[in-house]
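Start at 1 and go down the list; that is how both ligands and their atoms are numbered. Numbering starts at 1 and runs along the sequence shown.
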Amino acid sequence: MSNIRKTSLENQHWYFKAAGENGWKSATVPGCVHTDLLEHGMIPDPFVGKNELDLQWIDKQDWEYQTTLSFSSDWLQEERIELTFEGLDTYASVYVNGEKVLQADNMFRSWKVDVKSHLKVGENQLLVYFQSPIHHDIGKPDQLGYNLPADNDHSEDGGVGKKKLSVFARKAPYHYGWDWGPRFVTSGIWKGVYIEAWSGAKLMDVHMQQQAVSFEKAEITAAIEIEATKETEIKLVISDQHVLNISKLCKLTKGFQVIKVPILIKNPQLWWSNGLGKPYLYCFQVDLKLNEQIQSTRVVKTGLRSLRLVREDDRNGQSFYFELNGVPVFAKGANHIPNDSFQTRTTKESYEHEIATAAASNMNMLRVWGGGIYEYDIFYELCDEYGMLVWQDFMFACSMYPGDLAFIHNVKQEAIDNVKRLRNYACIALWCGNNEMDAAWSEFEEEAGWGWKQRYNGSQREEIWKGYDEVFHHLLPSVVEEYDLNTDYWPSSPMKELSYNKDQHATFDTVEKGDIHYWDVWHGLKPIEAYKEKVGRFMSEYGFQSFPEKKTVFTYAKEGDLALESDVMLHHQKNGAGNRLIKNYMEMYYKEPKDFSSFLHLSHILQADAIKSAVEAHRLNMPYCMGTLYWQLNDCWPVASWSSMDYYGRWKALQYVIKDRFKTTALIVDQNEDSLSLYAVSDQLQDQEAQLLLHVYDLNGQLMHQETSDVFVKQNTSNTIYESDIKSLGVVGKTNNVVLFAQLTVDGKVIDSVEHVMVKPKDLLWRDPKIQLSYVDGGIELESQSFAMNVWLEVDKEGCFEDNNFSLIPGIKKYIAFTDSVNGNIHFTKTQDITDVKVVSMYDLIVQ
Ligand code: BMA
């Protein structure tokens with residue numbers, strides 16, 4: 001028990017109203033005005049139909065939130081009484097008993113203010129006044145003399161014409177709209193708020209700096225920040241859940257100080273990313289004792305590991321990979337966006353569902369993309385627990401920002417706050433300055449980029465780049481260096497290297513260095529096969545859209561809206577060309593879908609097939625390529641998007657394909673014009689002696705060709721284990737009627753198996769597979785009479801199957817378990833009873 005008095009202001013009565021109006025109504029804190037209005041039935045559901053467009057008035061309005069605080073005289077006798085807002089969205093004035101105590105202007109900062117002199121015994125009023133972010137910033141483009149580029153800012157939907165205001169507010173960029181997100185410019189107390197009263201001394205922060213970590217020892221420095229109201233003697237006690245127990249007597253001076261305590265842990269249990277080992281967590285506790293009594297306590301839960309980004313010249317260019325505890329890690333994962341347009345209503349359970357999904361899908365890295373928020377702590381806690389590395393962007397994306405001193409100062413404080421908050425998490429692998437700004441502006445290569453700089457005259461261009469250079473090449477790296485020295489910084493994603501010449505900028509073609517966002521498939525309309533040609537050192541973005549499943553579509557659309565180009569379907573598609581692109585790509589690869597429902601379903605298959613091609617190309621090029629993060633894991637509302645899991649956490653076909661293709665050892669088929677290769681890609685840290693079995697069947701299940709061989713699968717790399725020309729498989733002239741089945745076994749245990757068809761799905765000789773389904777041991781068993789592709793299981797219960805969107809070869813039965821995903825509990829070891837499972841396959845979706 002510490003002597004610090006702390007009271008959270010979250011569990012008390014808050015009220016809100018539009019400024020200048022009467023009638024306070026109850027409010028939820030943390031929360032935001034949109035969700036409070038919704039709670040009172042004052043607005044319709046923002047996600048339904050085109051309601052978004054009717055709710056744009058909310059951000060043109062100022063809002064007030066208030067509550068009452070009661071204090072006893074004991075509280076008021078303490079020397080310090082500090083009010084902390086962990087987050088205010090965004091332009092907020094805070095008043096205590098009518099007196100202004102704080103002016104906030106950055107959603108991403110936390111604010112602490114001493115309010116002792118404003119408080120009285122008994123009831124006190126706390127009021128937060130939010131100025132409309134739109135009114136606050138509307139004059140800024142004119143002041144600047146030009147509009148800054150911000151292509152995703154849906155200013156016109158917001159009724160402010162071409163004025164891109166998102167860049168002026170240090171507020172989640174996606175609130176202003178994105179190519180997968182609606183425009184809801186929120187206001188509110190979006191994170192925790194509390195009051196602490198104390199006297200003497202208090203721990204302000206503890207940073208467990210991991211100086212050097214190896215299998216033998218962990219050398220750590222606990223950097224302990226303390227604030228003291230007077231000179232005093234204290235004792236610091238540092239312990240963990242094992243034997244660590246260090247005491248240190250210290251003399252404090254009045255004010256702020258940092259005390260550093262070295263810690264040595266012998267033979268530490270290391271933290272490993274998912275797939276490589278256990279993500280072991282230490283629980284360090286620091287107690288500050290005054291007169292042998294605990295005055296203040298901080299707990300830091302973290303994993304011990306060495307982690308760095310390795311960029312070294314090699315014969316192919318320059319490496320780009322993460323090394324964890326000395327092991328080069330192939331990063332498998334996705335880009336994460338906020339889980340809700342109103343992020344305050346994302347629950348712990350939905351975060352757990354997301355991270356458990358990532359782990360169950362054999363991922364080991366997520367990128368917290370720069371157009372959203374620095375995530376809540378729970379996100380990183382879960383990443384630590386599940387062994388999920390985090391590539392952390394600073395919150396700047398696809399825009400250029402102002403570079404005036406006030407803005408830069410604000411960004412500096414934001415960076416310090418967030419680096420300090422997140423630096424203890426074991427998962428933090430990289431700090432990255434921004435998303436796509438270096439490539440989009442392309443300062444040193446006139447012809448490249450997104451055509452932004454051409455919109456400005458010489459001095460404007462200079463001014464914009466100067467601001468960029470200051471923030472991303474000076475300010476942010478220096479904050480990382482000062483506050484989180486052991487984590488690497490990368491100025492922009494994607495980028496080749498910081499060279500200050502034309503070699504700096506990544507393009508779709510610069511595959512030898514840095515990271516790449518490859519969008520020539522999808523935005524660039526290239527065929528899916530192009531994924532194979534453009535494999536870089538680290539693929540940090542590439543993506544392919546699909547619609548959400550029908551159940552999800554029905555949360556925003558009515559039966560009558562179910563048409564590709566209906567107003568409502570188009571409204572829930574924020575990428576202008578999106579619906580058409582899906583249709584065009586679909587025509588390239590598949591037969592015509594039977595009806596609209598089949599079209600929705602086929603869009604999942606298309607997306608899954610596309611991303612599968614990309615992931616396989618990336619993995620089989622290991623160790624040249626050492627990372628693949630597809631765009632995007634999740635959604636912030638129900639929408640057609642690049643996500644593999646929709647707003648409700650429902651797995652699309654892609655999620656299952658990812659789970660399968662990200663297996664620790666994966667068997668990959670690579671077919672070219674007239675040859676075929678098989679790869680065993682291993683992320684395992686031991687070599688494996690394996691057996692490869694290869695069968696070719698006709699679509700009725702008749703075996704046409706078989707081979708077996710012993711193969712050696714070298715650890716942590718991609719191995720070519722089979723090469724053949726198609727001729728020798730005996731399938732020439734019959735490729736539309738065959739399926740290749742390959743299986744890798746180690747000591748009799750199947751490590752991976754794949755089914756591969758040799759022509760585009762639309763060219764296959766389709767016949768009714770007549771799938772039979774039976775319920776066994778709580779799971780289900782399936783078999784088919786002829787080859788079935790994209791077999792899809794559906795049940796009227798939220799949860800995930802162990803596998804889905806799979807193939808069935810006649811004669812080979814498949815057993816599938818189901819897990820409900822309550823509390824993110826995605827475990828397939830113990831299956832749960834299900835009944836009424838519906839099964840369809842590609843055959844049922846297409847016109848014969
Ligand atoms: C990348 C991302 C996002 C965007 C996605 C799809 O550019 O960084 O900005 O949503 O592509 O267009």
Going by the 4.0 angstrom heavy-atom rule, the piece of Glu436 near ligand 1 is side chain
The protein heavy atom nearest to atom 9 (O) of ligand 1 is Trp178 NE1, 2.9 Å
Checklist line | Phe322 and Phe320 aromatic ring geometry - parallel, tilted or perpendicular at 30°/60° bounds | finding: perpendicular
Ligand 1 to Trp180, heavy atom cutoff 4.0 Å, flagged ligand atoms 10 (O)
In terms of heavy-atom contacts, Leu564 and Met569 come closest through O-CB, 3.8 Å
Review point. So, is Asp179 polar-close to ligand 1, with some N/O to N/O distance under 3.5 Å?
Key: yes
| Cation-aromatic face contact Arg345/Phe47, 6.0 Å, 45 degrees | yes
Side chain to side chain contact (heavy atoms under 4.5 Å, CB included) with Leu309: of Asp515, Thr487, Asp488, only one passes, and it is Asp488
Classify the ring geometry between Tyr630 and Phe662 as parallel (under 30°), tilted (30 to 60°) or perpendicular (over 60°).
-> tilted
Quick look: His523 vs ligand 1, heavy-atom contacts under 4.0 Å, and the answer is side chain
_Please verify the inter-ring angle class for Phe599 with Phe547; under 30° counts as parallel, over 60° as perpendicular, anything in between as tilted._
tilted
Examine Arg421 relative to Tyr380 and say whether NZ or CZ is less than 6.0 Å from the centre of the six-membered ring and inside a 45° cone about the ring axis.
-> no
A student checking ligand 1 against Glu541 at a 4.0 Å heavy-atom cut-off should list atoms 1 (C), 2 (C), 7 (O), 8 (O), 11 (O)
Note: ligand 1 atoms sitting under 4.0 Å from heavy atoms of Asn435 are 8 (O), 9 (O)
Taking only non-hydrogen atoms of Cys398 and a 4.0 Å limit, the atoms of ligand 1 in range are 9 (O)
Open item on the list: Salt bridge or not between Lys502 and Glu446? Use side-chain N to carboxylate O under 4.0 Å.
Closed with: no
shortest atom 11 (O) of ligand 1-to-protein heavy-atom contact is with Trp519 CZ2, 3.2 Å
**OP:** Please indicate whether any nitrogen or oxygen in His517 is less than 3.5 Å from any nitrogen or oxygen in ligand 1.
**Re:** no
Please verify whether a non-hydrogen atom of Trp522 lies at under 4.0 Å from ligand 1. no
